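Only a predicted model underlies this, so the values are computations on that prediction, with no experimental measurement involved. All chains are named by letter (A, B, ...) in the order of the sequence lines, taking the proteins before the strands, and each is independently numbered beginning at 1. Heavy atoms only: backbone and side chains are in, while hydrogens, waters and symmetry mates are out.
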Amino acid sequence: MSPSELPKNYDPTEVERRWYDHWVNQGYFRPRDGDGAPFVITIPPPNVTGSLHFGHVFDHTIQDLLIRWQRMTGVPTLWLPGTDHAGIATQNVVEKRLAEQGKTRFDLGREAFVDEVWKWKDIYHKRITEQMKRLGDSVDWSRERFTMDEGLSRAVREVFVTLYRKGLIYRGNRIINWCPRCHTALSDEEVNHVETDGKLYTIQYPVKDSKRKLSVATTRPETMLGDVAVAVHPKDKRYAPLHGKTAILPFLRREMPIILDDSVDPKFGTGAVKITPAHDPNDFEMGQRHGLTPIKVMDESAVMNENAGDFRGLTREDARQRIVAALEDRGLLVKVEPHRHAVGHCERCDTIVEPYLSLQWFVKMKPLAEPAYTAIEKGELAIVPRRWEKVYLRWLEGIRDWCISRQLWWGHRIPVWTCGGCSEQIVEVETPTTCPKCGNAALKQDEDVLDTWFSSWLWPFSTLGWPEKTADLARFYPSSVLVTGPDIIFFWVARMVMAGFEFMGSCPFKQVYLHGIVRDAQGRKLSKSLGNSSDPLELMDRYGSDSLRMTLVLLSPQGNDIHGFSDEKVDLGRHFANKLWNAFRLVQPHLDGFVPDEAKARPVMNDADLWILSRAAATARSTTRNLKTYRIGDAAKDVYDFTWRELCDWYLELAKPRLYADPGTPDAMAVRYTVVQVFSTVLRLLHPFMPFLTEELWHALPGVDGDVCVAEWPTTTRAGSHPAAEARIALLKEVVGSIRNLRSEMNIAPARKAPILIRAEGHEADIIREQREWILLLGKGESLEVGPHVQKPEIAASAVVRQHEIFLPLAGLIDVDVELKRLQKEYERVIREFDNSRRKLQNDDFLGKAKKDVVDREREKFETLGSTKEKLEKNLEVLKR
RNA sequence: GGGCGAAUAGCUCAGCUGGUAGAGCACUUGCCUUACACGCAAGGGGUCACAGGUUCGAGCCCUGUUUCGCCCACCA
């Protein structure tokens, strides 16, 4: 790259195309050899449902920057990639596509349908891979896994069989969450409860051999057809006369016992509850206690079935209307009240979930939850930010059995076979050929597949080869940190911890970092379907992936959501990339053929050099500290601020004269050496955030070997710090700032140079004298006079910096009134602060109780303010004359 | 019904161990100063939601209130 080739504006498209394959070919993404404890992240496998969305981009950016940072510190790193088959989600999208062709999965048949899904999977897997490469994800592709690949399928069967034999997996008829649209059972976690304004219907059931009618309240009248009893509280006196009696179910004339149960709340509704064991979890349990036989009144699509009498064939919604109307006709509808309650919706298709009696497979969770729970207090697992630990623990406390069977075709088949001969149930890892009991070869495998999370919860070790005892498993389990969103704490995080303890005997990761969600200005999650999000790939094309990464990170407070994200926000990162590019463009022509030589450079460095190196070292320390505590946004901001506000705004400006000077001089050596050092540090610190641009610039930097991707992370010792130089440059900044302020307030044309007078004494006067050239340069000075006896010119703008006074003699140029107003305002500000300070120092409590250094600082401040005040007073007096 | 989080400049948010407030964007003014107008310089703008309390001192700690947001929840 030669200077003339550097365009004025940074164009990422070409640069970002260049480096990824190089990194892969160099093998950087594979863990390096070494005995040290590796740094490992196992990727939360994206669903192969579609392409990556914004959540992924953010999630991957964080993981990649942690991995890249750790890689640079020299530890062996592994970021293990993979994808998830995402049972229901994927099956749904493929079915939807079939529907567009007017077909259902039944038209294809199971085998052909599953083939179809595999084709889909291949397409989207490829797209996801491309997106990840475009983003710069430094994953080890040689270890990539898929939740339905051979090894993971084997792990799933192994786990199922093991848990079954331990008695932790069982099959049972239970009330589960049924999605009438997806036609499958769901776990509790796959149901979203939505507060809904519903109605509470009070209806009457006649009582046999009695004139009295029994009123019951329900939110779902259509389930009455499945009623088999009415329950009241045993101590509820109102119903004492009805004990032992029989209620008659309207429409169907079913005789139902009036039963007594403690779980009935006499205060709710009428104090009498209709019992529908096949369609309500509470009623199911009550039914069991009282030996009632459940009656299902709906089919798998929530259409009323043959048990629904005249209502057969109606949807549940229609049935509700018709039943209410019919009850009203018969005078059995007492009242309808508004009632707000939570209604369960299918997480995948938003259909209202039906509590439904069904034969399913379950995992007994209590025993598995125990070690996952204690892991927190034992310090085996830390969640960042800490507040999520409570959420995690509370869920484990109330854990319920996990329904794992799904009536889908896409997923892991349940490894259970029934013998056609003797009906023996066979649970085996390897597909059996004959019945071990009777030898019959007619074996029929369970039709259902497993919940997608039943493979995901094994991800931390199944991806490393488990159940084989592989070298990878020994070396890379457990991982260092899990990075994901808090929305899957229950689905995934907690279950992985359980599986880790159960099958590996330890927690699968030491830390969990939960980041926020990317939201738009209305607070909505970014999603393509809402139309509030561009395709990340398109955004990367437009702005560059470095810019997108940097923007997301800069905008993200630790563990909190990013609010108000929009495409234009990416300008933040793009402008920064451009700034860095141009800073480099400034220095690059002067580095041609330059050979850094520390021994020659050190002795001739000036304050600016020492200062910027000192600041670079401090930036390395703060960036690293923030990365360690997952304050990733702060870490990015540290480098951002350093680069822009210190390196570009000050150092490069100060360095220009020496940079343009004859390359043979010692000055030139010092400044070039410093520039190379600082850029080297900045590029390394920035690499985890902006991998492509930093790699590109790194290779144009003289005296560097290899790639920044594997360059050594900047040292975090205090070695490079130079407090004296920092103090002197701080003074320079104040002086220059003050001069600039005066010029601006006085409306002096930027191009016009003006004489500068500084009345200063003591040590700092010497420093200011030494900084003469810089002050003239940055303060646009025509001349500079510094000393204790500098006289204020008749007409001048003035300012006070520390103990010193700055004058810009501008006879004929300044408007006295303007200057007077300005000084007056400044004076008032100083007076206010001065009075505050005085009040504090007159307070004995403050003097007696505050820490000594605080008091000292206050005294110093008071003195400075006092002298400033005096000077301002004098200057004001002069102007007023 | 329970829990969690937030409330700071017009917007999005920092403010990590209490010492009277910062950034980015937006806004105003002036600059195409040969690295960058994706830029430079200067500037305006905040009773830190409200009410109490602790403290010499509170945006920060405690209590309560209000308003938003999120999560959890089988009271029909």
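- At the heavy-atom level, A/Lys8 lies under 4.0 Å from the strands shown only through sugar-phosphate atoms.
- Comparing the P positions of B/U20 and B/C11 gives an interatomic distance of 26 Å, to the nearest angstrom.
- Taking 4.0 Å as the cut-off between side-chain N and carboxylate O, A/Glu858 and A/Lys840 count as a salt-bridged pair.
- Projected onto RNA chain B by closest heavy-atom contact, A/Glu858 and A/Arg625 fall at different nucleotides, the more 5' of which corresponds to A/Arg625.
- Here A/Val854 lies in heavy-atom contact (under 4.0 Å) with a base.
- Looking at heavy-atom distances under 4.0 Å, A/Ala751 makes no contact with the nucleic acid at all.
- The phosphate of B/C74 (OP1 or OP2) has a side-chain N or O of A/Arg400 nearer than 4.0 angstrom.
- The aromatic rings of A/Tyr356 and A/Trp178 sit tilted relative to each other, their planes meeting at an angle between 30° and 60°.
- Both A/Arg574 and A/Arg394 lie close to RNA chain B; mapped to their nearest nucleotides by heavy-atom distance, the more 5′-ward contact belongs to A/Arg394.
- By the 30° and 60° cut-offs, the orientation of the rings of A/Trp395 relative to A/Phe490 is parallel.
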Return one dot-bracket line describing RNA chain B 5' to 3' (Watson-Crick or G-U wobble pairs, both distances under 3.5 Å; ( ) same strand, [ ] crossing, | another strand, . none).
(((((((..((((.....[..)))).(((((.......))))).....(((((..]....))))))))))))....
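- Distance check on atom P: B/A41 versus B/A35 gives 14 Å, rounded to whole Å.
- Contact annotation: A/Lys569 does not reach the phosphate of B/G24 (side-chain N/O to OP1 or OP2, under 4.0 Å).
- Among the atoms of the strands shown, none is found under 4.0 Å from any heavy atom of A/His279.
- A donor N or O paired with an acceptor N or O is not found under 3.5 Å between the base of B/A41 and the side-chain atoms of A/Glu745.
- Listed pair A/Arg631 / B/G15 meets the phosphate criterion, a side-chain N or O lying under 4.0 Å from OP1 or OP2.
- When heavy atoms are screened at a 4.0 angstrom cut-off, A/Asn9 is found touching base atoms of the nucleic acid.
- Contact check, A/Lys579 against B/A35: no side-chain N or O comes under 4.0 Å of OP1 or OP2.
- Phosphate proximity of B/G43 to A/Asn741: present, with a side-chain N or O under 4.0 Å from OP1 or OP2.
- Residue A/His193 places none of its side-chain N or O atoms closer than 4.0 Å to OP1 or OP2 of B/C72.
- Contact annotation for A/Phe576: no contact, since no heavy-atom pair falls under 4.0 Å across all strands.
- For A/Lys825, a side-chain nitrogen or oxygen approaches OP1 or OP2 of B/G44 to under 4.0 Å.
- Comparing the C1' positions of B/U8 and B/A21 gives an interatomic distance of 8 Å, to the nearest angstrom.
- If you check every strand for non-hydrogen atoms under 4.0 Å, A/Asp649 touches sugar and phosphate atoms only.
- Among the protein residues, A/Tyr392 comes within range of no part of the nucleic acid, since none of its heavy atoms lies under 4.0 Å from any strand.
- Side-chain to base pairing of A/Asn747 with B/U29: no donor and acceptor N or O lie closer than 3.5 Å to each other.
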